[in-house]
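Values in this document were obtained by computation on a predicted structure and should not be read as measured data. Hydrogens, waters and symmetry mates play no part in the numbers below; they use all other heavy atoms, side chains included.
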Amino acid sequence: MAELNTPQFNLSETIETEAVIVGAGPVGLFQVFELGLLEIKAHVIDSLPVVGGQCVELYPDKPIYDIPAVPVCTGQELTDNLLKQIEPFGPTFHLNQEVVEVSRQDDGRFILVTSVGTRFLTKTIFIAAGVGSFQPRTIKVDGIEQFENKQLFYRVKNPDQFMGKNLVIVGGGDSALDWTLNFVGKAESVILIHRRDGFKAAPASVAKMKDLCEQYEMQFEVGQITGFEQNGDSLSHIKLTGTDGVTRRIPLDMLLVFFGLSPKLGPIADWGLDIERKQLVVDTEKFATNIPGIFAVGDINTYPGKKKLILSGFHEAALAAFAAKEYMYPDKKVHLQYTTTSPKLHKVLGVETPTFD
């Protein structure tokens with residue numbers, strides 16, 4: 001069994017809880033629900049400033065089609081519905097911070113310390129951190145970072161701010177193509193730039209982009225951005241160097257760069273957990289890691305036959321919750337109850353028990 005360091009902390013300044021969930025994406029939110037049904041209250045920590053994980057950070061407006069009984073929803077809608085679902089359990093969110101230190105105490109509980117100094121004393125930990133914290137791959141042009149979040153963007157959080165603007169979009173993957181197609185007809189102009197003529201995007205999107213170019217609705221240029229010009233404090237032009245070595249100036253209002261995101265496992269890598277290809281090894285009965293009391297659900301974990309799907313993470317969260325209840329209270333029998341018929345669960349959820357004639 002792996003051992004964690006056990007430094008001493010002033011526990012009077014520590015939040016005591018039964019469960020801490022690391023990650024506030026869809027699977028982390030559903031973990032709150034499954035724990036809540038078992039009357040286990042959870043605190044949730046996330047490095048992002050908002051709840052929703054990848055769904056909100058990467059594609060809040062893109063449709064998702066494989067959530068059971070939901071034909072289509074956006075990442076934001078999925079997050080909003082999960083937040084509504086867990087309202088009865090009153091989880092506490094601790095955003096814009098990540099866990100930087102974990103230690104096991106003599107009584108088997110864990111101390112967690114976050115990057116802003118928040119401390120928890122918890123019986124269990126649920127890691128639902130996706131593939132780690134995402135950092136965008138940035139454009140390598142000296143000095144251009146001064147325009148970040150003003151005219152240079154690596155994510156689209158508010159599409160409205162790009163309407164009616166002259167846009168230059170850089171990249172050759174799905175994100176670049178998706179946003180290019182989205183903004184054509186809404187922006188004043190759209191120019192897509194990629195370092196080569198080949199794309200790592202859906203063929204249908206590439207075909208649609210080329211069709212729009214033929215209709216003069218947008219432009220596509222092969223080359224790399226090698227410099228920029230500014231007018232006062234504003235970015236006015238980018239310098240595009242083509243494959244022929246010729247550099248030309250392109251005016252713009254906004255520059256959107258989609259070079260992909262680099263996931264980082266971060267401090268989790270130092271917790272003493274079994275890791276395989278940057279994923280946490282778990283069993284398929286309890287979704288427990290090699291450290292008793294620490295569970296891993298969603299894209300962060302790996303096991304034979306693993307599929308990185310949201311619905312798979314929901315299943316894992318349910319089994320992990322039951323395993324955690326048994327781990328915390330080994331002398332108590334944990335009964336499976338159904339939200340359809342259980343008066344106890346109706347009380348927990350704050351709903352009326354239906355009566356049938």
Side-chain angles (χ1 to χ4, degrees), residues 1-4 18-38 40 42 44-47 52-55 57-58 64-69 75 78-79 82 86 98-99 102 104 108 110 112 122-134 261-330 334 336:
M1 183 179 74
E3 291 295 329
L4 299 176
E18 290 181 299
V20 167
I21 300 169
V22 182
V27 175
L29 296 179
F30 194 68
Q31 188 70 74
V32 172
F33 181 78
E34 288 297 321
L35 289 170
L37 291 179
L38 296 172
I40 299 171
V44 186
I45 303 170
D46 201 287
S47 60
Q54 294 181 54
C55 281
E57 187 71 2
L58 302 185
I64 301 171
Y65 297 99
D66 61 350
I67 303 301
L78 176 62
T79 298
L82 285 164
I86 65 177
E98 63 178 357
V99 178
V102 176
R104 186 194 290 278
F110 301 95
L112 281 78
T122 181
K123 295 179 180 178
T124 57
I125 300 171
F126 296 81
I127 304 173
V131 290
S133 60
F134 284 96
L261 296 169
S262 177
K264 299 183 184 299
L265 201 56
I268 293 174
D270 302 322
W271 293 8
L273 298 164
D274 283 347
I275 297 175
E276 181 180 296
R277 295 182 178 178
K278 298 183 180 181
Q279 296 167 306
L280 305 180
V281 178
V282 296
D283 63 65
T284 54
E285 177 188 1
K286 301 177 180 179
F287 294 94
T289 67
N290 59 304
I291 299 180
I294 301 183
F295 304 83
V297 293
D299 288 355
I300 195 73
N301 73 17
T302 186
Y303 52 85
K306 168 72 178 186
K307 297 294 183 290
K308 290 188 176 183
L309 298 169
I310 294 174
L311 63 89
S312 299
F314 289 167
H315 159 77
E316 296 163 11
L319 294 190
F322 278 94
K325 183 80 171 184
E326 293 173 353
Y327 169 79
M328 286 187 278
Y329 305 103
V334 181
L336 176 64

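- Under the side-chain contact (heavy atoms from CB on, under 4.5 Å) criterion, Glu285 pairs with Asp283, not counting sequence neighbours.
- Taking every heavy atom of both residues into account, Ala128 and Ile21 meet most closely at CB-CG2, 4.3 Å.
- To the nearest 0.5 Å, the span separating OG1 on Thr289 from CD1 on Ile300 amounts to 11.5 Å.
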Begin from the C-alpha positions of Leu280 and Ile275 and carry the test side chain to side chain contact (heavy atoms under 4.5 Å, CB included) through to its verdict. CA-CA 5 Å; Leu280 305 180; Ile275 297 175; 3.8 Å; yes
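- To the nearest 0.5 Å, atom CD1 of residue Ile268 and atom CD1 of residue Ile127 are 5.0 Å apart.
- Residue pairs satisfying the side-chain hydrogen bond (donor to acceptor under 3.5 Å, both in side chains) criterion with at least one member in residues 315-324, sequence neighbours excluded, are listed as follows: Asn301-Glu316, Tyr303-Glu316, Lys306-Glu316.
- Side-chain contact between Phe110 and Val20: absent, with no pair of heavy atoms (C-beta onward) separated by less than 4.5 Å.
- The CD1 atom of Ile40 sits 9.0 Å away from atom CD of Gln31, with the distance rounded to the nearest 0.5 Å.
- The shortest heavy-atom contact between Leu29 and Ile86 is O-CG2, 3.4 Å.
- Residues forming a side-chain contact (heavy atoms from CB on, under 4.5 Å) with Ala323 (at least two apart in sequence, or on another chain): Lys286, Phe295.
- The CZ atom of Phe314 lies 14.0 Å from the CG atom of Leu319; values are rounded to the nearest 0.5 Å.
- Counting only distance, with no hydrogens or angles, the side chain of Lys325 and the backbone of Val334 share no donor-acceptor pair below 3.5 Å.
- Interatomic distance, CZ of Arg104 versus CD1 of Ile294, reported as 7.0 Å (0.5 Å rounding).
- Judged as a ring-ring contact (aromatic ring centres under 6.0 Å, His included), and not counting sequence neighbours, Tyr327 has no contacts.
- Heavy atoms only, all atoms of each residue included: Ala317 and Glu34 are closest at O-CB, 3.9 Å.
- Of all heavy-atom pairs spanning Met328 and Thr124, the tightest one is CG-CG2, 3.7 Å.
- In this structure, the side-chain contact (heavy atoms from CB on, under 4.5 Å) partners of Leu311, at least two apart in sequence or on a different chain, are Pro68, Leu309.
- In terms of the side-chain contact (heavy atoms from CB on, under 4.5 Å) criterion, residue partners of Asp46 (sequence neighbours excluded) are, by chain and number, Ala24, Leu48, Leu95.
- Shortest non-hydrogen contact noted between Thr79 and Cys55 is OG1-CB, 4.3 Å.
- Counting heavy atoms from C-beta outward, Ile310 and Phe30 have side chains that stay 4.5 Å or more apart.
- Residue Asp274 holds its CG atom at 8.5 Å from CD1 of Ile291, rounded to the nearest 0.5 Å.
- Ala324 and Phe126 make their closest contact through CB-CZ, 3.3 Å (heavy atoms, listed as atom of the first residue, atom of the second, distance).
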